[in-house]
Colleague: 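After the structure tokens below, expect a handful of questions from me.
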Amino acid sequence: MPELPEVEHLRRHLESWIQGARIKDVQLGRKDVLDWRGSPGSRKSDRDQALLAESQVRRLDRHGKQMAIETRDGRILCVHLGMSGRIEIAKPSEERPAHTHCCWNLQAGRRRFQMRFIDPRRFGGLWTFNSRERLLSDRWGALGPDAASIDPDLMSERLKGRSKGLKSSLLDQAVVAGLGNIYVDEALFRSRLHPKQPAGSLKRVEIERLTESVVGILHLAIKQGGSTIHTWADLSGHPGGFSTQHQVYGRAGEMCITCGQTLSTALVAQRTTVWCSKCQRLRIRKRWEN
DNA sequence: AGGATAGCCTGCGGGC
DNA sequence: TGCCCGCAGGCTATCC
């Protein structure tokens, strides 16, 4: 499932393919994967324009788990992969995989190729905007700072005053953008913090440990091409290489790699959560602390 | 207010 | 072998 590292890996790889390329036309299959209220017009030709038909790709951007393709004339296509979404580059003649919802025909120099948005479960989607400002005001503005580049001061500010647990706070994209179930569990284990520890109760040194874990793990995962559970594969179909390094995720009932304790599991914030009850103690805030 | 719950959706794996 | 059911999870809407 694509979290921040998978999306960043995709962004870099895809950018090498499509930066500077011309988008000739677009074919939208399922209309309900698209929200184009951020672009003017109501006709089909307006919709295709919103989907970047007849444009040239300037750059690719990312915030949290979302990616944006920006054209030279300022149009924006925001892609959110959700649970099962992926982007694929293929020859136009190549058979389309099941659940291919949108295809763009591109040309770079003499080379013609197709970019495809595929998403079986359709938790992902496409959003269009007629300017970067509208992307920021209408969509990305609601997100917290990007988790890959957060620092302890910012982390502290984001968690300050929150009574909710760390797990549910870190999963909340409005608090910090980019973390999903896997990396939250991994980061909490590495920083030895309990998933239910109230987010606002952390001491400075714990904030620093947490930040270092979050940023460190994300960059490690980016370097290795993302995590793999079931369905994740990059543009060329290579699975991510990070899954073997999960220390707690998917290891409920197995031994903690640090202390040998059997790893605990429970539903926390409505997500399957795995942690070590010995290494990650729930610390009740004492009355005389502040 | 904010926490819990349901719903969206398909693929897959365990159990029978 | 084959079928059925439960689970996986990001995000939103709704309820309490």
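Residue numbers begin at 1 in each chain, while the letters A, B, ... track the order of the sequences.
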Colleague: Could you check whether A:Gln173 gets within reach of a base, just the sugar-phosphate, or nothing at all, counting any heavy atom under 4.0 Å?
Modeller: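 Sugar-phosphate, backbone atoms only, no base.
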Colleague: Using a heavy-atom cut-off of 4.0 Å across all strands, would you classify A:Ser168 as base, sugar-phosphate, or nothing?
Modeller: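 Here A:Ser168 touches no strand at all.
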Colleague: In whole Å, what is the span from the CZ atom of A:Arg122 to the P atom of B:dT10?
Modeller: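 The answer, rounded to whole Å, is 5 Å.
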Colleague: For A:Ala177, is there any backbone N or O sitting under 3.5 Å from a side-chain donor or acceptor partner on A:His63?
Modeller: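 No; judged by distance alone, with no hydrogens or angles, the pair does not exist.
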Colleague: Between C:dG10 atom C1' and A:His63 atom NE2, what is the distance in whole Å?
Modeller: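 To the nearest whole Å, that distance equals 16 Å.
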Colleague: Without decimals, in angstroms, what is the distance between A:Arg271 CZ and C:dC7 P?
Modeller: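 The answer, rounded to whole Å, is 14 Å.
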Colleague: Strictly below 4.0 Å: does A:Tyr183 bring a side-chain N or O up to OP1 or OP2 of C:dG9?
Modeller: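 The answer is no; no side-chain N or O of A:Tyr183 sits under 4.0 Å from OP1 or OP2.
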Colleague: Which one, C:dA8, B:dG3, C:dG10, comes nearest to the side chain of A:His80?
Modeller: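 When the side chain of A:His80 is considered, C:dG10 is the closest of C:dA8, B:dG3, C:dG10.
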Colleague: B:dA4 C1' sits how many Å from A:Asp172 CG, rounded?
Modeller: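 My rounded result for the distance is 15 Å.
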Colleague: Between the side chains of A:Gln261 and A:Ser277, is a donor N or O closer than 3.5 angstrom to an acceptor N or O?
Modeller: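 A:Gln261 vs A:Ser277: donor-acceptor pair found between side chains.
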Colleague: May I ask whether A:Phe123 stacks on the base of C:dC11, given the cut-offs of 5.5 Å between ring centres and 30° between planes?
Modeller: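 No.
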Colleague: Do the ring planes of A:Trp17 and A:Phe113 sit parallel (below 30°), tilted (30 to 60°) or perpendicular (above 60°)?
Modeller: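 A:Trp17 and A:Phe113: perpendicular rings.
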Colleague: Report the distance from atom CG of A:Leu171 to atom P of C:dG10, rounded to the nearest whole Å.
Modeller: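 Computing the A:Leu171:CG to C:dG10:P distance gives 7 Å.
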Colleague: OP1 or OP2 of C:dC11 versus the side-chain N and O atoms of A:Lys65: is any pair under 4.0 Å?
Modeller: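 Checking A:Lys65 against C:dC11: at least one side-chain N or O falls below 4.0 Å of OP1 or OP2.
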Colleague: At under 4.0 Å, does any side-chain N or O of A:His99 touch on OP1 or OP2 of B:dG11?
Modeller: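 Yes, A:His99 has a side-chain N/O under 4.0 Å of OP1/OP2 on B:dG11.
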Colleague: Take atom CG of A:Asp185 and atom P of C:dG10, then tell me their distance rounded to the nearest Å.
Modeller: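 The distance from CG of A:Asp185 to P of C:dG10 comes to 10 Å, rounded to the nearest Å.
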Colleague: So which of A:Ile76, A:Asp61, A:Leu77, A:Thr128 actually passes side-chain contact (heavy atoms from CB on, under 4.5 Å) with A:Leu135?
Modeller: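 That would be A:Ile76.
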Colleague: Check the distance between C:dG9's P and A:Leu267's CG and give it to me in whole angstrom.
Modeller: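 That distance rounds to 10 Å.
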Colleague: Choose from B:dG3, B:dA4, C:dG9 the nucleotide whose nearest atom is closest to any side-chain atom of A:Arg121.
Modeller: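 Nucleotide nearest to A:Arg121's side chain: C:dG9.
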Colleague: Starting from P on C:dC11, measure out to CD on A:Glu3 and report it in whole angstrom.
Modeller: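 After rounding, the reported distance stands at 9 Å.
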Colleague: For C:dG9 and A:Thr272 - does any side-chain N or O of the residue sit under 4.0 Å from the phosphate oxygens OP1/OP2?
Modeller: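 Yes, within the criterion.
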Colleague: Using only heavy-atom distances, determine whether the side chains of A:Glu133 and A:Ser137 contain a donor-acceptor pair under 3.5 Å.
Modeller: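 No.
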